[in-house]
Amino acid sequence: MKQAVQSDKPQRMQSNAVQNNQELPVDYYLINFQQLIHFVLEAYDDLLSADEKSFAGDFLALSAPARMLYVRLLCRKHNAFRLDKLQYSEIGNLNDASAELESAGFVILNPLFSVDQASRLFTKPELIQHIQSHAEFSRGSPESPRISGLKQLKRDELENIWQSMQSPVTDVLKKSESGVRDQALDQAWLRSIDPQQENLCGTALVDISKIATTVVVNRSEHFDVFRLCFFGNLYQDMTDFVLRDLGLMRYESYVIDQNNRPFETRKQLIAHLDYFRISAVVSGVNELTTNDILVVEALLPESTDNHLERRLDRLRIAFARQLERLDEFEHAEKLYNKCTRAPARERRVRMLMKQEQWQSAFALCQDVLNCVVSDEEAQILSGLAARIARKCDIPFADPWAYKPPLEHAKLINAGDSVEQQAAEHYRQCGSCFYTENTLIDGVFGLAFWDVIFAPVRGAFFNPFQVGPADFHQLEFSLLRRDLIDEKFHQLEQPGELKRQVDLFFQQKQGIVNPMVNWRYLSEELLQLAIDRIPVVDWLAIFRRFLLDTRSNRSGLPDLIVFPDKPSMDGCRYRLVEVKGPGDSLQKNQIRWMRFFAEQGIDHAVCHVSWSDEKSPDHE
DNA sequence: GTTTGTGCGG
DNA sequence: TTCACACCATCGG
DNA sequence: GATGGTGTGTCTCCGCACAAACAT
Ligand SMILES: [Mn+2]
Ligand SMILES: [Mn+2]
């Protein structure tokens, strides 16, 4: 008998999500859209271009049905539609609405399409029908035997046949005025920017208005700007409004200062916009050629702030990594040198090692180790330095080398995940939870709830943020130094940690927090953990979180064990990382364990091996 | 007829 | 807009 | 053992309709 959907991953509580099944007004999407537009018009007046403002103005001047249809289309994944297939009963007559939209330039009706775009607008049965009637029309063609087996063909093949039957429009003027962008043609677009490559002008365009009425969204790039201003990114969209209004997502009610804006200058705004557009186009980095990369990299904007710099570094490092695969070490080196973030310098060392330039590699290691940007970088560079030193007979002791205590367990494989089974094993002598990062991250998120959501300047600028904008920046702690000092001062008082964690757990139940995943936090586990783990241990862990909120939130051991009887040194809890056959410790796991050793926190790695039923559970 | 995956909508 | 972790193939000491 | 590449489950929801591929 199978259990009802038992998740493999850490112990999860039943979802008791309280859904206020509120009814939304029929035009909820228009209301939300206009709310966003008005918010941005007001708060970003000085950053918007004339074009963007007239986009908003023109839109707001439309009739309600037209506005509704535009928003409907804008929110959908693709930008080209069959008008006859759209069904929005709440809008009324779609022909009228789309005609109004066209005259205001918000859509294009019956444009010319590339054959790729065009064939995507039809279903398989429709393609078959077109092909058949085309064959009938030009009867006597030698292709007729193929007709009977059309249903067996895959969609792609049918599209190819269909496309080969279309006769391209040759009028060049019409082509340029139609202005239809194909979202899927981005790779081609990329190559078309490069003058050395063949550009898109050769693409055949077809007119399908005889077969179907089509509508293509226009001017949507201006909405991107509004969205970017509002959310501070381009990956959130209008669904956030709905999720909130349906009670599916609950955001903390932090104070939004009107002066808080993610962008302060037009230049900064455009730089971010350019970044997002370019990164969307080159999403498949490991298919890019050397030339692609060099062309696109040159188009990247200058960094204007930490957020953009991080994103640019990440993209450049991905580019450079691909250049490494293509054996273009010099080009890769140049890109890495533009990056301040990890793992740029690590990669430079590795490239030198691949080229067997041991002296330069070792020297670079030492340079980097004098000014590392993170523990992770220090750990990796130390390891590399140690390897090079061994090779070249240079004395070098790796300060990050650490071997955690080992345990072994021989278990009968019952099919569950190895962590679940190891947890069961530890339950022989206490209680044990498979929590990975969720418990300790969660307690931190609860204990520091008011610090995390403190109305620091620039931290909150829209109602849909899971945390402050700078939560993952290294400056997070610096900008909240006093609040954090005060928090530690409070938590040092006896019973205060428990009190505050309980308080926020009750008060904030279900509200999103970057460190809290409510699904994995049960009251029982929380009580036990706060009860058993000494406050000094908690505070030490919290301080480590605050040093680097991004990388220290992960790497915590799989299991937490609460032994029934304290061991001889009075330990009342231990943290155990489970390793099945063929798995080994990750870098961040080692860093946490090294930290546990420094703090005197009981920890171990449990190596599980499978037994064939004879003598299980042997340590 | 099934299954599977995607996109939509609230 | 992932991310964190596990798993696997490969290679060299 | 180290490394790089890949896969998995999960992430901010979840039911539904539709289309396509497959036939357990
Ligand atoms: Mn794990
Ligand atoms: Mn593990």
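Not measured: the values here are computed from a predicted model. Note on naming: letters A, B, ... go to the chains in the order of the sequence lines (proteins, then strands), and numbering restarts at 1 for each one.
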What's the verdict on side chain to side chain contact (heavy atoms under 4.5 Å, CB included) for Tyr251(A) and Ile511(A), showing C-alpha distance, side-chain angles and the deciding distance?
CA-CA 6 Å; Tyr251(A) 295 93; Ile511(A) 297 178; 5.8 Å; no
Candidates [options] - which lies nearest the side chain of [X]:
X: Asp583(A); options: dC7(C), dC13(D), dC5(C); answer: dC7(C)
X: Arg350(A); options: dT3(D), dA6(C), dA4(C); answer: dT3(D)
X: Arg325(A); options: dG5(D), dA4(C), dT3(D); answer: dG5(D)

Would you mind classifying the nucleic acid contact of Asn588(A) as base, sugar-phosphate or nothing, using non-hydrogen atoms under 4.0 angstrom?
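Touches sugar-phosphate only.
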Closest-nucleotide 5' rank along DNA chain C - winner of Arg314(A) and Glu436(A)
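On the 5' side of the pair lies Arg314(A).
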Residues [X] and [Y] bridged, charged N to O under 4.0 Å:
X: Arg311(A); Y: Glu309(A); value: no
X: Glu333(A); Y: Arg348(A); value: yes
X: Arg82(A); Y: Glu126(A); value: yes
X: Arg350(A); Y: Glu324(A); value: no
X: Arg227(A); Y: Asp224(A); value: yes

For a quick test of reading the model: is some side-chain N or O of [X] closer than 4.0 Å to OP1 or OP2 of [N]?
X: Arg519(A); N: dT12(D); answer: no
X: Gln152(A); N: dA23(D); answer: no
X: Lys151(A); N: dA21(D); answer: no
X: Lys124(A); N: dC18(D); answer: no
X: Arg553(A); N: dT2(C); answer: no
X: Arg321(A); N: dG5(D); answer: yes
X: Asn437(A); N: dC5(C); answer: yes
X: Gln586(A); N: dA6(C); answer: yes

Provide the start and end nucleotides, 5' to 3', of the part of DNA chain B that has atoms under 4.0 Å from heavy atoms of chain A.
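First and last nucleotides in contact are dG7(B) to dG10(B).
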Write down the distance between CG (Asp398(A)) and P (dA2(D)), rounded to a whole number of angstrom.
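Going from CG in Asp398(A) over to P in dA2(D) covers 10 Å.
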Check the pair Arg72(A), Glu90(A) against salt bridge (Lys or Arg N to Asp or Glu O under 4.0 Å), reporting the backbone distance first and the verdict last.
CA-CA 11 Å; Arg72(A) 279 297 198 197; Glu90(A) 81 280 4; 3.1 Å; yes
For dT2(B), what is the paired nucleotide under Watson-Crick or G-U wobble rules, both distances under 3.5 Å?
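For dT2(B), the partner nucleotide comes out as dA21(D), under the 3.5 Å rule.
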Please say which of Leu364(A), Val373(A), Leu381(A), Leu369(A) ends up in a side-chain contact (heavy atoms from CB on, under 4.5 Å) with Arg345(A).
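When side-chain contact (heavy atoms from CB on, under 4.5 Å) is applied between Arg345(A) and each of Leu364(A), Val373(A), Leu381(A), Leu369(A), only Val373(A) qualifies.
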Apply the side-chain contact (heavy atoms from CB on, under 4.5 Å) test between Pro514(A) and each candidate in Asp441(A), Ile452(A), Thr549(A); give the one that qualifies.
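Among Asp441(A), Ile452(A), Thr549(A), the one meeting side-chain contact (heavy atoms from CB on, under 4.5 Å) with Pro514(A) is Ile452(A).
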Side chain to side chain contact (heavy atoms under 4.5 Å, CB included) involving Lys403(A) - partner list, sequence neighbours excluded:
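Listed in chain order: nothing, the list is empty.
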Using the C1' atoms only, state how far dG5(D) lies from dC8(B), rounded to an integer number of Å.
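So the two C1' atoms sit 35 Å from each other.
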Can you tell me, in whole Å, how much space there is between the C1' of dG7(B) and that of dG7(D)?
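After rounding to an integer number of Å, I get 25 Å for this pair.
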Annotated protein contacts, base or backbone, on nucleotides 8-13 of chain C with a non-hydrogen cut-off under 4.0 Å, one of B, S, - each
-----S
